[in-house]
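Below is one structure; the comments refer to it alone.
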Amino acid sequence: MSAPAKAPTTAGGRETWTSSTGFILAAIGSAVGLGNIWRFPGVAYESGGGAFLIPYLIALLTAGIPILFLDYAIGHRYRGAAPLAFRRLAKRAESLGWFQTALAFVIATYYAAVIAWSCSYFIYSFDLRWGEDTLKFFTGEYLRVGDPEISTSIVSAVALPLVLVWVAVMIVIALGVTKGVQSVNVLFIPMLAIAFTGLVVRAVTLPGAMDGLNALFTPDWSKLADLSVWIAAYSQIFFSLSIAFGIMITYSSYLKRKTNMTSSGLVVAFANSSFEILAGIGVFATLGFMAHQQNVAVGDLEGLTGPILSFVTFPAVINQMPGGNIFGAIFFASLIMAGFTSIISILLGVAASIQEKFGLSQKSSAILVTALCAIPSVLLFSTTSGLLALDTVDQWANNIGIVVSAIAMTVLVVWVFRKSDVLAGHLSAVSTFKVGRIWRFLIGVLAPIFLTVMLVDKVVALVSEGYEGLPQWYINVFGWGTIAFIVLTAVIMAAIPWKGRDDESFVAWPQLEEEDR
């Protein structure tokens with residue numbers, strides 16, 4: 001009997017993707033998530049329709065792709081998850097790596113809850129269990145939403161699928177990069193593309209679909225003079241590409257020594273944006289049908305973005321569609337696949353960070369991290385206050401945490417540790433699409449300036465206006481408390497000594513370090 005095949009590794013013993021295709025599919029799986037489906041269409045509609053594509057494309061070219069390349073360069077050159085990669089880049093930068101890891105940990109805790117909702121609704125779609133009043137069912141009978149509080153009342157309909165999601169995540173990450181993460185993405189991403197394309201084709205054939213598409217794509221050129229529209233464009237690009245919180249640093253660290261990274265990055269970036277536009281077409285064609293059925297304008301509909309779009313508006317549309325059961329099952333299966341490929345990328349970075357810091361085995365770190373993440377996930381987000389907690393934590397993690405992380409990363413790498421030339425040379429040495437002075441300007445000047453504008457605008461709004469009418473104590477606990485937890489975790493983890501490592505072990509590619517000198 002022949003021995004089982006082992007996962008491919010580098011000369012240093014680090015597991016690698018079996019091919020560039022495997023890496024690209026995994027990176028697309030990470031980038032294409034729930035936000036592509038329920039966030040982009042609504043943001044585009046509210047930000048000028050077809051005119052929004054101009055700032056969106058500019059944001060993609062000036063911030064999204066350049067910072068994606070920066071993540072790739074750091075991960076591949078310094079061969080580690082975010083903490084180890086930044087520690088190898090500069091000793092004082094390790095805390096930034098732990099900031100990104102803690103941020104990913106927080107995002108995973110609530111992201112899993114949305115996947116659990118999708119699992120429930122996949123089952124419900126077969127008998128349209130949500131009934132006629134889909135809002136009442138979602139917030140009442142299903143989530144049993146209560147007042148803003150720290151609730152201990154577990155909702156079993158959410159907790160059970162949530163536990164199953166965490167078990168599945170643990171298994172995939174424990175299997176490793178090739179047998180686990182790559183295998184899931186190679187299976188799910190083609191399935192997701194086929195399923196969602198089928199949904200879009202069905203949606204555009206519905207009565208009223210063109211009204212929805214006209215509402216989405218008719219340009220309002222006056223919006224281009226509104227700073228908030230440009231902020232929305234940069235925000236959307238940033239949050240949908242999975243950049244600046246350790247995911248792509250970890251993924252690129254598993255690439256082989258000679259890999260065409262920039263070309264792969266362009267494929268990932270444009271595939272992600274293409275899926276967003278496809279989602280916009282499908283969502284608004286469906287909303288056009290709903291408006292047609294109710295004899296109202298598309299703009300008069302409610303719930304055009306976020307969880308309400310997916311779990312209230314779409315079930316209401318499914319109720320009115322011929323063959324709605326099948327449409328609903330495919331839609332929620334698509335949400336599950338998009339969400340699952342994203343969450344395994346988020347948790348892989350956390351597990352790899354713990355594995356490298358404490359010298360654990362792959363399986364041990366996977367079990368430990370998923371267990372530590374699953375406990376607060378279930379206790380916080382499967383309770384009667386879970387929806388409010390999720391929305392609040394998400395607002396601060398995405399709009400404050402990720403933006404702070406990106407600003408710190410670009411400023412530290414370019415201006416404090418002066419590594420932009422080294423990283424540009426590294427990317428150009430292994431890739432067909434070369435980067436140079438323009439890339440360094442984008443990551444060192446333009447991106448941090450615009451990100452700082454975004455951050456200040458959001459902080460001022462949250463401080464002066466609050467959030468969704470929630471009491472200040474609730475905002476302090478679940479909003480600013482989230483940021484405090486991330487910062488404190490970063491400081492503590494950076495202070496803990498690395499197990500079994502000396503200074504020489506912090507050199508990723510000795511021959512490259514020699515070239516730098």
Side-chain angles (χ1 to χ4, degrees), residues 6-18 22-23 26 30 71 74-89 91 93-109 112 166-185 242 245-256 343-375 486 489-490 492-509:
K6 293 183 178 180
T9 60
T10 63
R14 187 175 183 81
E15 190 177 0
T16 63
W17 307 101
T18 58
F23 165 71
S30 176
D71 273 349
I74 292 171
H76 187 251
R77 183 175 183 85
Y78 298 109
R79 308 304 288 173
L84 179 57
F86 280 112
R87 172 63 179 76
R88 283 172 165 165
L89 183 148
K91 186 175 182 179
E94 182 186 336
S95 57
L96 174 58
W98 287 112
F99 183 96
Q100 294 187 349
T101 302
L103 181 58
F105 179 91
V106 168
I107 291 173
T109 60
W166 280 115
V167 171
V169 170
M170 181 186 69
I171 292 172
V172 170
I173 296 178
L175 286 172
V177 171
T178 53
K179 292 181 180 179
V181 177
Q182 179 175 293
S183 297
V184 167
N185 281 282
S242 297
F245 60 108
I247 292 177
M248 291 305 175
I249 289 178
T250 303
Y251 266 20
S252 61
S253 75
Y254 294 109
L255 284 167
K256 295 176 181 178
I343 196 171
I344 59 176
S345 71
I346 297 171
L347 257 294
L348 178 67
V350 181
S353 299
I354 297 299
Q355 177 185 352
E356 291 164 352
K357 180 79 173 185
F358 297 102
L360 301 177
S361 69
Q362 176 182 283
K363 290 183 179 179
S364 296
S365 63
I367 294 171
L368 175 63
V369 166
T370 50
L372 290 175
C373 207
I375 291 171
I486 293 169
T489 301
I492 293 173
M493 293 300 294
I496 297 174
W498 291 79
K499 183 176 181 180
R501 287 188 180 274
D502 53 23
D503 289 342
E504 290 185 1
S505 71
F506 289 110
V507 177
W509 296 110

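FYI, side chains are in, hydrogens and waters are out, and symmetry mates aren't considered; it's all heavy atoms of this structure.
Side chain of Ser183 to main chain of Thr178: a donor-acceptor pair is present (N/O by atom type, distance under 3.5 Å, no hydrogens or angles). Within the 3.5 Å criterion, the main-chain N or O of Ser30 finds a donor-acceptor partner in the side chain of Ser242. Listed for the Gln362 side chain is a donor-acceptor partner under 3.5 Å among the backbone atoms of Ala174.
Comment: Lys357 engages Glu94 in a salt bridge, judged by a side-chain N to carboxylate O separation of less than 4.0 angstrom. Between Glu356 and Arg79, none of the side-chain N atoms (NZ, or NE/NH1/NH2) sits under 4.0 Å from a carboxylate O, so this pair counts as no salt bridge.
In this structure, CG on Leu103 lies 9.0 Å from CD1 on Ile247, to the nearest 0.5 angstrom. Atom CG of residue Leu348 and atom OG of residue Ser365 lie 9.0 Å apart, to the nearest 0.5 angstrom. To the nearest 0.5 Å, atom CD1 of residue Ile343 and atom CH2 of residue Trp166 are 4.0 Å apart. The structure places CG of Leu368 at 10.0 Å from OG of Ser361, a figure rounded to the nearest 0.5 Å. Rounding to the nearest 0.5 Å places NZ of Lys499 at 7.0 Å from CG of Leu360. Residue Ile346 holds its CD1 atom at 6.0 Å from CD1 of Ile107, rounded to the nearest 0.5 Å.
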Report task. Assess whether side-chain contact (heavy atoms from CB on, under 4.5 Å) is satisfied between Trp17 and Val177, documenting all intermediate values. Result -> CA-CA 7 Å; Trp17 307 101; Val177 171; 3.5 Å; yes
Query - Worked check of ring pair (Phe, Tyr, Trp, His ring centres under 6.0 Å) between Phe86 and Trp98 - result: CA-CA 9 Å; Phe86 280 112; Trp98 287 112; over 10 Å; no
**Report entry** Worked check of side-chain contact (heavy atoms from CB on, under 4.5 Å) between Thr101 and Ile354
**Finding:** CA-CA 9 Å; Thr101 302; Ile354 297 299; 5.9 Å; no
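Residues Leu255 and His76 approach most closely at CB-CD2, 3.7 Å, considering heavy atoms. Ala82 and Gly246 make their closest contact through CB-CA, 4.1 Å (heavy atoms, listed as atom of the first residue, atom of the second, distance). Among all heavy-atom pairs drawn from Thr250 and Ala352, the shortest one is CG2-CB, 4.2 Å. Residues Ala108 and Cys373 come closest through the heavy atom pair CB-SG, 3.8 Å. When all heavy atoms of Tyr254 and Glu15 are compared, the closest pair comes out as CD2-O, 3.0 Å. Between Ile249 and Ser252, the shortest heavy-atom contact is O-OG, 3.1 Å.
For the ring pair (Phe, Tyr, Trp, His ring centres under 6.0 Å) test, no residue two or more places apart in sequence or in another chain qualifies with Phe105.
If you run side chain to side chain contact (heavy atoms under 4.5 Å, CB included) between Gln182 and each of Thr16, Thr18, Leu175, only Thr18 comes through.
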